[in-house]
Amino acid sequence: MVGLKTLFARQLPKMPRDYIVRLVFDRRHTSLAILDDRVDLEDPDYRGGDEDIIGGICYRAYPDMKFAEIAFCAVSANHQVKGYGTKLMNLVKAHAAKERIEYFITYADNYAIGYFKKQGFSKSISMPKMRYQGLIKDYDGGTPMECYIHPSVDYKRTNEMIAAQRKFLLDQVRKKSRSHVSYPPLVAFKPDLAGVSRSNEGAARAMAIPGVAQAGWTMADLLLATGPQKDAERQKNQIKSDMLTILRKIDEQQFAWPFREPVDTTDVKDYLNVRILIYHLICNAIFWA
Ligand code: COA
């Protein structure tokens, strides 16, 4: 515990030392530490020290309200960004889930927000305020963050679970996709273009490459990309994208809300007669934007 307190003080220099000591040694707080493998706690000569501690977390649980507040979380400088922070958090979550804790709350400083986000914490607090109001206090410069502890997730096995889900997804993709099939390199590629018009030559050449047809491309697709239609198609896409930009700009206007949903002409019977005026207003709005 003394080693853990020293680690927190070293890694969280802005925290007053007496505050760290008070919380770590407070019986209502729980601390969890990852120790170096070489430490033998049964050894009578072992004296302990923060150099044997890889990282630790100190939290206070509020069992009645089913949440806990993380007070300190730190990994020693020479072990950071090696995955220990994630391991530590997963162990704490697994332990908390056994104690029926539903939420973790913490005040993260700007430096730690990224780390907490990766551990499933979010800045939006979904836990009802009445559960934590009066129990935890605001810290200056800290952002409150929350993590829901799902009772059916085994946090000690998250890596295995993610690997299994990834494998399942890739297996499903592989059943449909042929992207893993590779073809031998093309040697002296001379496709037979007899009877192919000059304008279609590019597409026919691409189509003759082994694997292109098998990947689902058709002559029509390739003609769109390479043939004379490509300019017309590009123009069409350009117009579409310009129109969408205009629509988005209209939608972003402060007073655009009445136009976001179509007007029900059964409710507003003369709407179609006045809509010319509405278009005029919209055009003005775009002009002034
Ligand atoms: N900002 C953004 N991302 C961070 C980060 C930070 N400060 N620290 C770690 N990460 C990312 C890592 O890149 C990693 O991402 P990946 O999974 O995509 O690779 C992920 O978070 C987990 O990193 P991990 O190696 O498990 O974390 P760690 O062992 O370095 O421990 C801290 C993270 C924050 C506990 C450690 O940096 C630390 O002790 N900092 C000083 C004390 C502190 O600020 N504590 C938090 C407030 S109490």
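Note that ligands are numbered from 1 as they come in the structure, with each ligand's atoms numbered from 1 the same way.
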Engineer: Hydrogens and angles aside, do S122 and E146 bring a side-chain donor and acceptor to less than 3.5 Å of each other?
Structural biologist: no
Engineer: Look at atom CD of Q214 and say whether more than 12 heavy atoms of other residues, nucleotides or ligands are closer to it than 6.0 Å.
Structural biologist: yes
Engineer: Are Y155 and M145 grouped together when hydrophobic residues (ILVMFWY) are joined by side-chain heavy atoms under 4.5 angstrom apart?
Structural biologist: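 Yes; M145 is reachable from Y155 via cluster members.
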Engineer: Tell me, do H95 and E99 make a side-chain contact under 4.5 Å, heavy atoms counted?
Structural biologist: yes
Engineer: Identify all N/O pairs between ligand 1 and the protein with a separation under 3.5 Å and present them as a table of atom names and distances.
Structural biologist:
residue	atom	partner	partner atom	Å
ligand 1	1 (N)	Y111	O	3.4
ligand 1	7 (N)	Y111	O	2.8
ligand 1	15 (O)	K118	NZ	3.3
ligand 1	18 (O)	K118	NZ	2.7
ligand 1	25 (O)	V81	N	3.4
ligand 1	25 (O)	K82	N	3.1
ligand 1	25 (O)	G83	N	2.7
ligand 1	26 (O)	G85	N	3.2
ligand 1	26 (O)	T86	N	2.8
ligand 1	26 (O)	T86	OG1	2.8
ligand 1	29 (O)	G85	N	2.8
ligand 1	30 (O)	V81	N	2.6
ligand 1	39 (O)	V75	N	2.7
ligand 1	39 (O)	V75	O	3.3
ligand 1	39 (O)	Q80	NE2	3.3
ligand 1	45 (N)	C73	O	2.7

Engineer: So, are D171 and K175 salt-bridged, with charged N and O less than 4.0 Å apart?
Structural biologist: no
Engineer: Could you verify whether a donor N or O on one side chain and an acceptor N or O on the other, from T245 and D242, lie under 3.5 Å apart?
Structural biologist: no
